Amino acid sequence: MRNRAVLFLLHTLSWLLLSSDTCHGMESDIQCLKTLRNQLQDPYKYLDSWTFDNKSEGFICKFNGIECWHPDESKVLNIRLSNMGLRGQFPSSLQNCTSMTGLDLSNNDLSGPLPGKVDHIIPFVVTLDLSSNNFSGNLPDALGNITYLNILNLPYNQFSGQIPWQVGRLARLSTFNVANNPLSGQIPTFTNQSSFPAENFANTGLCGKPLKDCVGPPKKSHTGVIIGAAVGGITFAIIVFAVVLLFALRRKSKKKKDEDLEGNKCTKRLEETKGIKAS
């Protein structure tokens, strides 16, 4: 009897914990979509169907562009809002969709930079499609921390700067496209480098595989060095020659002076000798 009572209590406790997690997940995902609707401008009213009066489990799964893990459970699996003319910046409210694995905001009019902590907003996303928008600025290093990414589509935007090397370490990445962005610099070395064709990097300032190799800084011409060395050598030779010549002239002058002095001594002696003989 005691064992049965213990098992019953454990079962009840487990059920309560699971129920608590489910309610928490439902509330956070509902709040995610509420805030998302407020953050995005919807000029064509595609999101008017998102009404939050209904409190039944799984009601958000009937929203336009929302796919749930289960139709009767308010846990968002994918958000697909492409071709809706949406405006605004990358929505930070997505961090409340804690179970989301797919995000498609392609072919809209979204702008601004990606958040520096984008990995905290969509940590479990497998597919991210932001193509054909007006996103700008540098690609954040934090993209390399979204470790479950399989597909990353960013073409036809205004992203600039280099591709962060951290993106190259995404081992599961099978599709990566940044064509038609003003990006520049070296393409990182990817784990699945052969899976990314050259057209995925077209119309950019990028270099490296699968594009042409990056050209290093132009080699400095050695002509100036050679000319400078030659001039310096000639100048040094002239100085040495002048010193040697001056030394030789001074030596010659001293020798001549010594000879004249010796000659004068001899003449004086001869005169003295003649004087002696005469006397």
Side-chain angles (χ1 to χ4, degrees), residues 32-33 35-44 46-47 64-66 76 78-97 100-170 172-188 190 196-207 211:
C32 170
L33 299 185
T35 313
L36 177 62
R37 182 183 174 186
N38 293 332
Q39 287 184 336
L40 295 177
Q41 300 174 33
D42 179 25
Y44 301 106
Y46 283 107
L47 304 183
N64 187 18
I66 302 302
V76 175
N78 293 310
I79 296 179
R80 306 184 190 281
L81 303 178
S82 61
N83 295 291
M84 292 185 176
L86 301 174
R87 298 172 185 170
Q89 296 190 345
F90 188 88
S92 59
S93 61
L94 294 172
Q95 64 186 339
N96 291 319
C97 289
M100 182 180 63
T101 62
L103 178 62
D104 184 358
L105 299 175
S106 62
N107 292 286
N108 283 296
D109 197 18
L110 301 173
S111 58
L114 294 185
K117 295 183 178 181
V118 66
D119 55 326
H120 292 177
I121 299 175
I122 50 173
F124 304 114
V125 162
V126 176
T127 301
L128 178 60
D129 192 345
L130 303 178
S131 58
S132 299
N133 278 285
N134 288 308
F135 287 113
S136 59
N138 294 338
L139 295 175
D141 298 346
L143 282 172
N145 297 330
I146 309 175
T147 54
Y148 295 101
L149 267 178
N150 280 287
I151 298 173
L152 180 56
N153 280 325
L154 305 172
Y156 294 97
N157 279 286
Q158 296 300 315
F159 291 117
S160 58
Q162 295 185 329
I163 300 173
W165 64 267
Q166 291 89 341
V167 176
R169 69 185 182 187
L170 292 170
R172 304 187 184 195
L173 200 62
S174 59
T175 300
F176 180 69
N177 193 335
V178 291
N180 296 282
N181 280 284
L183 292 164
S184 59
Q186 174 81 43
I187 296 173
F190 292 92
F196 310 142
E199 53 264 29
N200 287 14
F201 304 92
N203 301 313
T204 66
L206 296 168
C207 59
L211 302 179

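In this chain, numbering begins with 1 at the start of the sequence shown. Bear in mind that the values here come from a model prediction, so they are computed numbers and not experimental data.
The CD atom of Gln158 sits 11.0 Å away from the OG atom of Ser111 when rounded to the nearest 0.5 Å. For the atom pair CG of Asp141 and CD of Gln162, the computed distance is 10.5 Å after rounding to the nearest 0.5 Å. Separation of atoms CG (Asn134) and CG (Asn157) is listed at 7.0 Å; rounding is to 0.5 Å. Atoms OH and CG, on Tyr46 and Leu40 in that order, are 14.5 Å from each other to the nearest 0.5 Å. Distance check, rounded to the nearest 0.5 Å: CG of Asn108 to CG of Leu130 gives 10.0 Å. Separating the CD atom in Gln41 from the CG atom in Leu86 is a distance of 9.5 Å, to the nearest 0.5 Å.
The side chain to side chain contact (heavy atoms under 4.5 Å, CB included) search around Ser160 returns Asn138, Pro182, not counting sequence neighbours. Residues satisfying the side-chain hydrogen bond (donor to acceptor under 3.5 Å, both in side chains) criterion with Ser131, sequence neighbours excluded, are Asp129. With sequence neighbours left out, the salt bridge (Lys or Arg N to Asp or Glu O under 4.0 Å) criterion links Arg87 to Asp109. For Asn203, the side chain to side chain contact (heavy atoms under 4.5 Å, CB included) partners at least two apart in sequence or on another chain are Asn180. Among residues two or more places apart in sequence or in another chain, the side-chain hydrogen bond (donor to acceptor under 3.5 Å, both in side chains) test is passed with Ser106 by Asp104.
The two atoms that bring Pro164 and Leu139 nearest to each other are CG-O, 3.2 Å, heavy atoms only. Nearest approach of Ser93 to Cys32, heavy atoms of both residues: O-SG, 3.5 Å. Ile79 and Cys97 make their closest contact through CD1-SG, 4.2 Å (heavy atoms, listed as atom of the first residue, atom of the second, distance). Minimum interatomic distance between Met100 and Gly102 (heavy atoms only, all atoms of both residues): CG-O, 3.4 Å. Between Val178 and Leu206, the shortest heavy-atom contact is CG2-CD1, 4.1 Å. Here the closest heavy-atom approach between residue Asn181 and residue Phe159 is recorded as OD1-N, 3.0 Å.
With contacts defined as side-chain heavy-atom distances shorter than 4.5 Å, the pair Met84/Asn64 qualifies. Side-chain contact between Phe90 and Ile121 is present, with heavy atoms from C-beta onward closer than 4.5 Å. The shortest side-chain heavy-atom distance between Asn153 and Leu128 does not fall under the 4.5 Å cut-off. Using a 4.5 Å heavy-atom threshold, the side chains of Asn177 and Leu154 count as separate.
For the side chain to side chain contact (heavy atoms under 4.5 Å, CB included) with Leu94, the lone residue among Val125, Leu33, Thr35, Leu103 that qualifies is Leu103.
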Run the side-chain donor-acceptor check on residues 144-151: report pairs under 3.5 Å with partners two or more places apart or on a different chain.
unit_1	atom_1	unit_2	atom_2	d
Asn145	OD1	Arg169	NH2	2.9
Asn145	ND2	Asp119	OD2	3.3
Asn150	ND2	Tyr148	O	3.3

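A distance-only check finds a donor-acceptor pair linking the side chain of Asn133 to the backbone of Leu105 [under 3.5 Å].
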Inset, instruction - Just do the side chain to side chain donor-acceptor pair (under 3.5 Å) check on Gln39 and Ser92 with the steps written out, would you? - result: CA-CA 9 Å; Gln39 287 184 336; Ser92 59; 3.2 Å; yes
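Surrounding OH of Tyr156 are at most 12 heavy atoms belonging to other residues, nucleotides or ligands under 6.0 Å away.
Between Phe190 and Phe196, the ring planes are perpendicular. Angles over 60° get that label, and only those under 30° would be called parallel.
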